[in-house]
Amino acid sequence: VQLQASGGGLVQAGDSLRLTCAASVQDFRSYVVGWFRQAPGKEREFVAAFRNRGGTTYYTDSVKGRFTISRDNAKGTGYLQMNSLKPEDTAIYYCALAPGSTITSSMYSARAYKIWGQGTLVTVSS
């Protein structure tokens with residue numbers, strides 16, 4: 001079981017990036033795909049999640065309208081499209097998988113996610 005996150009980089013404020021999370025798991029479609037981030041000196045925080053059942057997506061307030069989470073179940077891949085990036089978006093971004101049975105309120109917590117990728121660094125300059 002492995003998750004590989006990629007797509008990070010150094011960009012300027014207002015630019016866009018698309019992060020990719022490639023998963024090598026059986027029955028990828030059954031999992032909730034989540035993205036978290038951790039800025040220097042701060043705790044890891046929830047960014048977005050995509051529950052395959054119902055195609056429901058969830059976002060933290062600070063990224064609503066700017067970030068879009070998606071997934072391609074056939075490829076076992078998740079994505080995070082990040083537009084209008086701000087310096088405060090600078091962080092290491094992690095993708096993770098939670099069981100499909102995870103209740104909605106728990107999806108915002110890192111504890112619900114059992115499989116984690118290694119993280120990809122996003123740096124946004126002002």
Distance in Å, [X] [atom1] paired with [Y] [atom2], rounded so as to fall on 0.5 Å steps:
X	Y	atom1	atom2	answer
T90	K42	OG1	NZ	10.0 Å
S125	L85	OG	CG	10.5 Å
E45	Q38	CD	CD	9.5 Å

Notebook entry, point to check: Do the numbers put R44 on top of the ring of Y94, so that NZ or CZ is under 6.0 Å from the six-membered ring centre and no more than 45° off the axis?
Noted result: yes
Next item on the list: Considering non-hydrogen atoms only, spot the tightest contact between S126 and P87 and give its length.
Entry: CB-CG, 3.8 Å
Taking side chain to side chain donor-acceptor pair (under 3.5 Å) as the definition, give me every residue that meets it alongside [X], ordered by chain and number, with sequence neighbours left out.
X	answer
S6	none
N52	N73
S62	R37
R66	D89

Next item on the list: Give the cluster check for V11 versus V63: same hydrophobic cluster or not, with ILVMFWY residues linked at side-chain heavy-atom distances below 4.5 Å.
Entry: yes
Check: Would a hydrophobic clustering, with Ile, Leu, Val, Met, Phe, Trp and Tyr connected at side-chain separations under 4.5 Å, put V25 with V33?
Finding: yes
Checklist line | Under 3.5 Å donor-acceptor, T123 side chain and L10 backbone | finding: no
Check: Do any N or O atoms from the side chain of Q4 and from the backbone of G117 form a donor-acceptor pair under 3.5 angstrom?
Finding: no
Hey, are the side chains of [X] and [Y] touching, using non-hydrogen atoms and a 4.5 Å cut-off?
X	Y	value
L19	V122	yes
F50	T56	no
Y93	L80	yes

Check: Residues two or more places apart in sequence or in another chain: which of them pass salt bridge (charged side-chain N to carboxylate O under 4.0 Å, His left out) with K64?
Finding: D61
Notebook entry, point to check: What residues form a salt bridge (charged side-chain N to carboxylate O under 4.0 Å, His left out) with R29, not counting sequence neighbours?
Noted result: none
Check: How far apart are the C-alpha atoms of Y59 and V47, what are their side-chain angles, what is the distance that settles it, and do they pass the side chain to side chain contact (heavy atoms under 4.5 Å, CB included) test?
Finding: CA-CA 6 Å; Y59 298 93; V47 176; 5.9 Å; no
Disulfide bond (SG atoms under 2.5 Å apart) partners of [range], not counting sequence neighbours, each pair once:
range	value
residues 52-83	none
residues 97-126	none
residues 3-74	C21-C95

Quick one: side chains of residues 97-112, donor-acceptor pairs under 3.5 Å with protein atoms, not counting sequence neighbours, listed by atom name and distance.
| residue | atom | partner | partner atom | Å |
| --- | --- | --- | --- | --- |
| T102 | OG1 | P99 | O | 2.7 |
| S109 | OG | R111 | N | 3.2 |

Next item on the list: Provide the full list of ring-ring contact (aromatic ring centres under 6.0 Å, His included) pairs with a residue in residues 8-39, sequence neighbours left out, each pair given once.
Entry: F36-F46, F36-Y113, F36-W116
Next item on the list: Keeping to residues at least two apart or across chains, list the side chain to side chain donor-acceptor pair (under 3.5 Å) pairs with something in residues 74-86.
Entry: S16-N83, Q81-N83
